J.: 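Can you read through this structure? Questions will come right after.
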Amino acid sequence: MVTPIEIRQISGVDWYEEADHEQRAWCLSLVTYGKCVYWVNGDKQIMEKGELLLIPAGVSYYGKSIPTVTHTQIVVQWTEGASPDLSVLDRKEALKFKPGVYELIRERLKMIHQQWQERPSYYVLMIEALLTEVLIYISRELDKGVITPEKHLHVDRMKSYIERHYREKITKEELGDVISKTPNYAAVLFKSVTGQTISQYVHAQRIKRAVYLLTESQLTVQEIAVFLGYQDLSYFYRIYKRVTGTPPSDLLHERPRTI
């Protein structure tokens, strides 16, 4: 069991913290914007957007912002009880890497932070479940072996293409052309690195935009669906609820009032 003791979203240019070898908490940091730096057992680790740092309990470290460089990171600290059987928790040394499943981990950590801030019923159990899921993602990726820079580059190019064309129908043939590989290679590579199919990733990008439009615009749900490429409103409802767990209408009350 992993028991949370502190969850923070850190941003700005004046962050500093440290922990000595007597601290009994694990620490996981995911940088979501900019850069920062950690020293772990005296080794310097420059952390950039998309990178993860996992520090086992009992390992001394300190971290700080880089002068004049804004950064954002989500930090989760926890203690272990009867540990789940996960390879990443067998580590005795810090782990820094760029996870292929960055988006999945980021979304789970955002949910963890939200639960910690709002503290609804059973929030600790929810955090434990979400954190265990994050550690499973990390363990699976490490068990398969570190993703090569070339594969990261190919997937980053496909993601960039999707983010520019997410309102359109995107095929594996198009993504194969983006990286000059066969369509099947592109689809298999994308799934193996990100943990999501091309279709799942496209839907996730659309729904992320839908959440923004539902709260910040005055468009109707149907107008938003069509704008995002969903001609069938009921299909948009199903996808939205599958991704977020709630119907899109739940966010309408958060819209700014019109004058």
Side-chain angles (χ1 to χ4, degrees), residues 7 9 11 30 32-34 49-50 70 72-74 100-123 126-127 129-130 133-134 137 155-178 183 186-187 190-191 193-259:
I7 294 103
Q9 181 166 293
S11 61
L30 183 73
T32 56
Y33 180 81
K49 177 184 176 180
T70 299
T72 303
Q73 62 175 312
I74 302 175
V101 292
Y102 164 74
E103 283 83 6
L104 292 176
I105 292 175
R106 181 191 62 195
E107 291 308 310
R108 300 309 184 271
L109 292 182
K110 286 171 63 178
M111 292 169 65
I112 286 172
H113 182 255
Q114 182 180 21
Q115 289 286 314
W116 186 259
Q117 291 292 104
E118 297 177 0
R119 309 211 169 191
S121 302
Y122 309 111
Y123 77 96
M126 178 62 78
I127 291 173
L130 290 167
E133 185 179 357
V134 168
Y137 285 139
V155 171
D156 286 346
R157 285 175 176 168
M158 289 190 280
K159 287 179 180 178
S160 294
Y161 181 87
I162 291 170
E163 287 160 10
R164 294 194 304 271
H165 300 276
Y166 67 92
R167 294 169 54 197
E168 307 164 14
K169 181 179 179 180
I170 296 175
T171 67
K172 63 183 180 181
E173 286 76 18
E174 291 174 281
L175 295 183
D177 289 341
V178 168
F190 194 90
K191 176 67 162 63
V193 171
T194 67
Q196 300 177 85
T197 65
I198 294 168
S199 176
Q200 288 171 331
Y201 190 85
V202 171
H203 285 311
Q205 297 306 304
R206 289 179 173 183
I207 299 308
K208 185 190 303 182
R209 183 66 172 175
V211 170
Y212 174 81
L213 293 172
L214 285 165
T215 55
E216 301 298 329
S217 79
Q218 296 302 317
L219 296 174
T220 67
V221 175
Q222 183 165 4
E223 288 170 335
I224 291 170
V226 172
F227 174 77
L228 295 173
Y230 298 104
Q231 303 305 316
D232 184 338
L233 183 59
S234 63
Y235 181 60
F236 170 68
Y237 265 82
R238 290 199 302 274
I239 295 297
Y240 187 97
K241 192 166 184 180
R242 182 192 306 164
V243 173
T244 67
T246 60
S249 53
D250 280 8
L251 285 182
L252 296 180
H253 71 279
E254 297 185 19
R255 291 184 162 186
R257 294 182 179 180
T258 57
I259 298 175

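Along the sequence shown, residues are numbered consecutively beginning with 1. The structure presented is a predicted model; accordingly, all values stated were derived computationally and were not measured. Heavy-atom basis, side chains included; hydrogens, waters and symmetry copies ignored.
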J.: Between Leu228 and Ala210, which heavy-atom pair has the shortest distance, and what is it?
T.: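 So the minimum-distance heavy-atom pair works out to CD1-CB, 3.5 Å.
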J.: Mind checking the CD1-CD1 spacing from Ile7 to Ile74? Nearest 0.5 Å is all I need.
T.: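 Ile7 atom CD1 to Ile74 atom CD1 measures 10.5 Å (nearest 0.5 Å).
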J.: Does some side-chain heavy atom of Val155 sit less than 4.5 Å from a side-chain heavy atom of Met158?
T.: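 When only atoms from C-beta onward are counted, Val155 and Met158 do touch, with a gap below 4.5 Å.
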J.: If you take all heavy atoms of Ala186 and Leu175, which pair is closest and at what distance?
T.: CB-C, 4.1 Å
J.: Is any side-chain heavy atom of Gln73 closer than 4.5 Å to one of Thr32?
T.: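 No, every pair of side-chain atoms sits at 4.5 Å or beyond.
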J.: Looking only at heavy atoms, which two atoms of His165 and Ile170 are closest? And how far apart?
T.: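 Minimum heavy-atom separation between His165 and Ile170: O-CD1, 3.5 Å.
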J.: Quick one: ring-ring contact (aromatic ring centres under 6.0 Å, His included) partners of Tyr230, sequence neighbours excluded?
T.: His203, Tyr235, Phe236
J.: Taking the side chain as everything from C-beta on, heavy atoms only, tell me whether Tyr201 gets closer than 4.5 Å to Gln205.
T.: yes
J.: Between the side chains of Glu174 and Tyr161, is a donor N or O closer than 3.5 angstrom to an acceptor N or O?
T.: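 Note: Glu174 and Tyr161 side chains meet the donor-acceptor criterion.
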J.: What verdict does the side chain to side chain contact (heavy atoms under 4.5 Å, CB included) test give for Lys241 and Thr246, after you've listed the backbone C-alpha separation in whole Å, the side-chain angles of each residue and the deciding distance to 0.1 Å?
T.: CA-CA 5 Å; Lys241 192 166 184 180; Thr246 60; 5.9 Å; no
J.: For the atom pair CD (Glu133) and CD1 (Ile112), what is the distance rounded to the nearest 0.5 Å?
T.: 8.5 Å
J.: Quick check against the 3.5 Å criterion: does Arg206 have a side-chain atom that pairs as donor or acceptor with the backbone of Tyr166?
T.: yes
J.: Does Val134 reach the side chain of Leu130, with side-chain heavy atoms less than 4.5 Å apart?
T.: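 They are not in contact (no side-chain heavy atoms under 4.5 Å apart), so the answer is no.
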J.: May I have all residue pairs that pass salt bridge (charged side-chain N to carboxylate O under 4.0 Å, His left out) and include part of residues 157-171, sequence neighbours excluded?
T.: Glu103-Lys159
J.: Distance-only, no hydrogens or angles: does the Gln117 side chain make a donor-acceptor pair with backbone N or O of Gln114 under 3.5 Å?
T.: no
J.: According to salt bridge (charged side-chain N to carboxylate O under 4.0 Å, His left out), who are the partners of Arg106, at least two apart in sequence or on a separate chain?
T.: none
J.: Using atom types as modelled and distance alone, determine if a side-chain donor or acceptor of Arg119 lies under 3.5 Å from a backbone N or O of Trp116.
T.: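 Between the backbone of Trp116 and the side chain of Arg119 there is a qualifying donor-acceptor contact (under 3.5 Å).
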J.: Could I get the full list of salt bridge (charged side-chain N to carboxylate O under 4.0 Å, His left out) partners for Lys191, not counting sequence neighbours?
T.: none
J.: Can you tell me how far the OG atom of Ser217 sits from the OH atom of Tyr212, to the nearest 0.5 Å?
T.: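 Separation between the atoms: 8.5 Å.
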J.: Does the side chain of Gln200 come within less than 4.5 Å of Thr197's, by heavy atoms?
T.: yes
J.: Under 4.5 Å between any side-chain heavy atoms of Leu251 and Tyr240, yes or no?
T.: yes
J.: In Å, rounded to the nearest 0.5 Å, how long is the span from CD of Glu173 to OG1 of Thr171?
T.: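 The distance works out to 4.5 Å.
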J.: Could you check if a side-chain atom of Val221 sits within less than 4.5 angstrom of a side-chain atom of Leu252, using non-hydrogen atoms only?
T.: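 Val221 reaches Leu252 side chain to side chain.
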J.: How long is the straight-line distance from CD1 of Ile198 back to CD1 of Ile162, given to the nearest 0.5 Å?
T.: 6.5 Å
J.: How would you list, by chain and number, every residue that makes a side chain to side chain contact (heavy atoms under 4.5 Å, CB included) with Tyr33, sequence neighbours excluded?
T.: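 Side chain to side chain contact (heavy atoms under 4.5 Å, CB included) list for Tyr33, sorted by chain: Thr70, Thr72.
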J.: Mind checking the OG1-CG spacing from Thr220 to Leu233? Nearest 0.5 Å is all I need.
T.: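 Going from the OG1 atom of Thr220 to the CG atom of Leu233 covers 8.5 Å.
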J.: Quick one: side chain to side chain contact (heavy atoms under 4.5 Å, CB included) partners of Val243, sequence neighbours excluded?
T.: Ile207, Ile239
